[in-house]
Amino acid sequence: LLPKGRQVDAALLEELEEALVTSDLGVKTAVELMTGLGAAVKREGLESAEDLKAYLRRAILEILQPVEKPLEVPRLDRPWVLLALGVNGTGKTTTIGKIALRLRQQGRSVLLAAADTFRAAAIQQLEIWGQRAGVEVIKHQEGADPSAVAFDAIKAAQSRGVEVVIIDTAGRLHTRVNLMEELKKVKRIVAREQPGAPDEVLLVLDATTGQNALAQAKTFHEAIGITGLCLTKLDGTAKGGIVIAISREFGIPIRLIGVGEQIEDLQTFRAEEFVRALI
Amino acid sequence: SLTEKLTETFKKLRGQGRITERNIDDTLKEVRAHFLEADVNYKVTKDFIVAVKARALGAEVMQSLNPGQQFVKIVHQEMVRLLGEEAAPLNLAAAPPAAVMLVGLQGSGKTTTAGKLALYLRKQGRSPYLVPADVQRPAAIDQLKILAGQIQVPVFDTRPEQNPVEICREARQAARVQGLDTMLIDTAGRLHVDAPLMEELKRIKAEAKPVEVLLVADAMTGQDAVTVAEAFHQAVGLTGLILTKLDGDARGGAALSIKSVTGTPIKLVGLGEKLEAIEPFYPERMASRILD
Ligand SMILES: Nc1nc2c(ncn2[C@@H]2O[C@H](COP(=O)(O)OP(=O)(O)OP(=O)(O)O)[C@@H](O)[C@H]2O)c(=O)[nH]1
Ligand SMILES: Nc1nc2c(ncn2[C@@H]2O[C@H](COP(=O)(O)OP(=O)(O)OP(=O)(O)O)[C@@H](O)[C@H]2O)c(=O)[nH]1
Ligand SMILES: [Mg+2]
Ligand SMILES: [Mg+2]
């Protein structure tokens, strides 16, 4: 949006701040970056729009590079367990289907746990993804205890020697205390049945979400301990800039990004690419 | 809350004598930061600040005995003006079956809202018909059928191999035969930048001839809300907005942005996952929510 070679002036600085804010970085993060930019302009005599953008890219990369930590699924002498969670509609179930296929293509054996026993047709939805990924789904009837489903899936994986268990949970607003307690119980049951598990607690965030994503990350992290993030729907026009504030505050690895509704639309998070798309 | 912050700021300013334009500018910076943190669109916030400043530099504030209170009142009034000054009702005046189309991004709450609308309208004495026109998402048809079953509302028996246009055509026929007066059409979530899917939405609209085209938008949507709403509005002409997941702690600034840029009236809000959790939109409540 800014022509090359344009000189630094107040209008340019405002445009840059606007670019940051409209990418959902949040006003605090944007102001901090712009303050750093202002100091750099004085200190280094930066002159063109391109110089300023390069500075911002570097500053953001400094925050995001440390959290570029792709998901590693080591071979253990027990099932490796991933627990997927997040608020309603972010793309958890779809993302699990994508991860399952990826792991199967890498020659791993995978079992899915349909622990969203609440929402209409959630189990059927995961079953279809299971079929697409070529993996089995452990399920109970709608309304069953999610912890019981997780328990069964772990037991089945242990007895059959399945390498990976991925647990789908119901979307829940982080403000619902009883639902957060339900989630803690699922994690407890998993840890009890499989010491060392869950190996990955993946918070699935929607890239179209604004500042509330920070509150989501904070609440889920404090309640259950998040070990990885997946940012979905980056194939839209939302930039997902809120992950910068989340990274700075919590340092949680960003594992994956969702870039579409098909099973292959999953990519490893790359900080450089993400920053390029941002500025 | 912003109201408290502003009251405090003005208390301090009063202690220092006359209020100056500089004081007003500094105070407006607080308002701006608060709005952006509430996810109100950057440009919308800018325009809002300009409007408030114009009034704040007038006698209304500068010569008031309680400028802080006046300032807060102006901010509140300007917000309610932007949000639409009263709840906008659904307009279902059309030859039965009146069609209502639900559109929006993936995961915003369309299918659940369709179920909620069915229950809501039946409580108002209408006879709703749920139409599953999402043949893309896995188990979407099942999802709406299950919701219909929960509230005993008739639902069109969509076959997965049908396309949305023929579904609407057949469903209208079925609604007429069954004497149902309102068709609630659930469409697949789609990106505003997915040209083929936006074209499909136009074709669905041409067939359904809806009396209401409602954008179902997530209350936690960030700065992108305006881009999305404008694109949907351009493509199919929105007649209303339903803001979902307002039971969370998202401030919902997207509502202000969408309304002020597209003019689309906010008609209803979703306040939970249960089918009872829907109610009319009240601009006063939204204004308080953002100012809090
Ligand atoms: N465009 C796009 N759509 C996505 C992406 N990931 C998921 N979706 C869509 O988002 C919608 C919601 O996905 P789900 O997988 O049902 O989300 P969820 O988090 O499991 O939802 P709940 O279980 O109801 O909380 C579906 O229409 C998906 O196809 C993505 O990366 N890009
Ligand atoms: N807390 C809360 N959750 C809601 C609300 N409305 C919908 N949901 C939840 O949001 C998630 C997504 O709802 P859906 O109805 O599947 O959304 P959709 O727009 O039809 O999704 P796609 O068809 O994939 O685009 C589900 O978990 C719903 O239960 C609401 O007002 N409050
Ligand atoms: Mg799900
Ligand atoms: Mg749907």
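Throughout, a chain's letter reflects where its sequence line sits, starting with A, and its residues are numbered from 1.
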Looking at [options], which makes the most heavy-atom pairs under 4.5 Å with chain A?
| options | value |
| --- | --- |
| Leu36(B), Thr227(B), Thr111(B), Asn41(B) | Leu36(B) |
| Thr112(B), Ile141(B), Leu147(B), Asp39(B) | Asp39(B) |
| Ile146(B), Asp194(B), Val228(B) | Ile146(B) |

Count the heavy atoms of every other residue, nucleotide or ligand shown that sit under 6.0 Å from [atom1] of [X], and state whether that count exceeds 12.
| X | atom1 | value |
| --- | --- | --- |
| Lys5(B) | NZ | yes |
| Glu30(B) | CD | yes |
| Glu4(B) | CD | no |
| Arg176(A) | CZ | no |
| Lys139(A) | NZ | no |

Side chain, backbone, both or neither: which part of [X] has a non-hydrogen atom closer than 4.5 Å to chain B?
| X | result |
| --- | --- |
| Gln131(A) | neither |
| Val87(A) | side chain |
| Arg132(A) | side chain |
| Glu261(A) | side chain |
| Ala215(A) | side chain |

Donor-acceptor pair, Asp24(A) side chain versus Gly222(B) backbone, under 3.5 Å? no
Hey, does the side chain of Asn212(A) reach the backbone of Arg251(B) with a donor-acceptor pair shorter than 3.5 angstrom? no
Interface moiety of Glu273(B) toward chain A, non-hydrogen atoms closer than 4.5 Å: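 Contact with chain A involves the side chain of Glu273(B) alone.
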Side chain, backbone, both or neither: which part of Leu105(B) has a non-hydrogen atom closer than 4.5 Å to chain A? side chain
Shortest non-hydrogen separation from [X] to [Y] and the atoms involved:
| X | Y | result |
| --- | --- | --- |
| Ala139(B) | Ala121(A) | O-CB, 3.7 Å |
| Gln223(B) | Thr22(A) | CB-O, 3.3 Å |
| Val193(B) | Asp235(A) | CG2-O, 4.1 Å |
| Gly107(B) | Lys233(A) | CA-NZ, 4.2 Å |
| Asn88(A) | Lys245(B) | O-NZ, 2.9 Å |
| Glu17(A) | Arg32(B) | OE1-NH2, 2.9 Å |

Does a side-chain N-to-carboxylate-O contact under 4.0 Å join Lys46(B) and Glu14(A)?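 Answer for the salt bridge query: yes.
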Under-4.0 Å salt bridge between Lys43(B) and Glu18(A):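 So Lys43(B) pairs with Glu18(A) through a salt bridge.
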pair [X]-[Y]: side-chain heavy atoms closer than 4.5 Å:
| X | Y | value |
| --- | --- | --- |
| Thr209(A) | Thr221(B) | no |
| Gln125(A) | Gln143(B) | no |
| Thr208(A) | Asp218(B) | no |
| Asp249(B) | His174(A) | yes |

Nearest 0.5 angstrom please: Arg137(B) CZ to Thr94(A) OG1, how far?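 With rounding to 0.5 Å, CZ (Arg137(B)) is 7.0 Å from OG1 (Thr94(A)).
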In terms of heavy-atom pairs under 4.5 Å, which option from Thr175(A), Val21(A), Leu214(A), Ile128(A) contacts chain B the most?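 Answer, by heavy-atom pair count under 4.5 Å with chain B: Val21(A).
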